[in-house]
There are 2 protein chains.
Amino acid sequence: MAARDYGEYGGVTRALELIGERWALLIVRDLLVGPRRYGELAAGLPRIPSNVLAARLKELQAAGVLRRAPRSRVIVYELTPYGHELEPVVLALGAWGFKALDDPRDEQVITPDSMTMDLRSAFRAGIAAELPATAYAARVGEAELLIRVDGRTLDVSRGDGPADLAFAAGPGIRRVISGELAADRAIATGVVEVLHGRGALLDRFATTFHLAA
Amino acid sequence: MAARDYGEYGGVTRALELIGERWALLIVRDLLVGPRRYGELAAGLPRIPSNVLAARLKELQAAGVLRRAPRSRVIVYELTPYGHELEPVVLALGAWGFKALDDPRDEQVITPDSMTMDLRSAFRAGIAAELPATAYAARVGEAELLIRVDGRTLDVSRGDGPADLAFAAGPGIRRVISGELAADRAIATGVVEVLHGRGALLDRFATTFHLAA
DNA sequence: CCGTATCCGCTCAGATACTG
DNA sequence: CAGTATCTGAGCGGATACGG
């Protein structure tokens, strides 16, 4: 049942034995956004073979990282408290990997859950606390998110809703977050399209969410 | 050259493409302690096949995580600045995995580098700042470390040296760090053997390095 | 539809031997 | 010492099929 081990006794080694297998940490990432059904997980990990997903769910359950939500009519997977403690790991990893992103290839997909976690990685609570509460509606690829920033708290949820600024963007939004592309130039060049609201708020967005390369 | 990808565009995904392969993050962990030769890395990862180590070193080099140290007579591997930015990831992962450690199996090894990183994970700078500067000489398994704490800074180096407290322990030292076993009881039961210095300092050690389960 | 199991082809990991 | 070469088998990816 225990994953193939490394023959070493230590914290990192143990962690990798529990969540180091291929796909495992991506499942954790999506569950950090919220409980998910089997099919939702499969949809959020487009290339995962169904047998691998089933195997990982079992292993992660045995490892105490996730569980099937009790007293729920349908089967729903959720993180255990211990699994939830992986949040700092996933955020740090996401921040690190974000800096290595180049422009996306055509076959690459952006899912709502992955984008949610990227936004959490890039969120600067200290900066946001100085700014007025703001709601953004963002459409990037297939992901449609409502992003609410209020003081030091960030809430990202799927779907649409009332927002101070609604915008659509290609994945070039990355360059806005990395600071390579100024907000006003992103709008001017069409990388970001303002759907409604004051376009000037995109600059606030870029200030709130920032990961320098 | 690029590792097998996940077909998704996002920070965590990209990170796992770069350092998600088996053994990769353990190599990074050891290099976070300092530059290492090929043979030193092999010794610190007892079960890694030599071809896999060679392959990982190439991939991590291509990923910009590490490089061969320039103008060095022998071949030495060291992290790039970008690779060094993985430190928070490794520390967080180590802290998480440490909590899932149970007692070690016989074939499991403790290496100096893995123990050094575990100590860094468990180090509580805020607590240490309130305590007097202290040097510990610890022998755990094959690892012999000199641990110097001064204010908020921690320095761990291999080998022996002048210390306020020198002790030898089996891996049961984990229970001291987790708080399951009080320092005085660890000494009384022989889990930790005081070689010289005041045994009472082990309590300070347990306060300085702590990861609750 | 949701969750699993089972097939197969293939890549990668593991073990060992060998070379500059 | 610092890798490369080769072989074998485990695990992944992909497809398909089956029970609730």
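Quick note on labels: first sequence line is chain A, next is B, and so on, each numbered from 1.
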Quick one: [X] [atom1] to [N] [atom2], roughly how many Å, whole number?
X	N	atom1	atom2	result
A:Leu41	C:dC1	CG	P	17 Å
A:Asp5	C:dG14	CG	P	11 Å
A:Leu53	C:dG3	CG	P	9 Å
B:Leu60	D:dG3	CG	C1'	16 Å
A:Arg73	C:dC1	CZ	C1'	13 Å
A:Ile48	D:dG11	CD1	C1'	13 Å
B:Glu17	D:dC12	CD	C1'	16 Å
A:Trp23	D:dC12	CH2	P	11 Å

Please state whether the phosphate of [N], meaning OP1 or OP2, lies under 4.0 angstrom from any side-chain nitrogen or oxygen of [X].
X	N	answer
A:Arg22	D:dG13	yes
A:Arg4	C:dG14	yes
A:Arg56	D:dC12	yes
A:Lys58	C:dA5	yes
B:Arg37	D:dA2	yes

By nearest atom, which of the nucleotides [options] is closest to the [X] side chain?
X	options	result
B:Tyr77	D:dG3, C:dC12, C:dT4	D:dG3
A:Arg68	C:dT4, D:dG14, C:dC12	C:dT4
B:Ser50	C:dT4, D:dG3, D:dC1	D:dG3

Indicate the atoms forming the closest heavy-atom contact of [X] with [Y], along with that distance.
X	Y	value
A:Ala63	A:Leu18	CB-CD2, 3.7 Å
A:Tyr9	B:Pro171	CE2-CB, 3.8 Å
A:Arg22	B:Asp5	NH2-O, 3.5 Å

**Message:** Reading DNA chain D from 5' onward, which residue's closest nucleotide shows up sooner: B:Asn51 or B:Tyr38?
**Reply:**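 Between the two, 5'-proximity favours B:Tyr38.
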**Request:** Answer yes or no: is there an ion pair linking A:Arg47 with B:Glu8, defined by an N-O contact shorter than 4.0 Å?
**Result:**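 Looking at B:Glu8 together with A:Arg47, the answer is no, because their closest N to O distance does not fall below 4.0 Å.
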**Prompt:** Can B:Arg174 and B:Asp102 be counted as an ion pair, charged N to O under 4.0 angstrom?
**Reply:**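 The answer is no: the pair does not qualify as a salt bridge.
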**Asked** Using a cut-off of 4.0 Å on non-hydrogen atoms, how would the nucleic acid contact of A:Ile75 be classed: base, sugar-phosphate, or nothing?
**Response**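 The residue A:Ile75 makes sugar-phosphate contact but no base contact.
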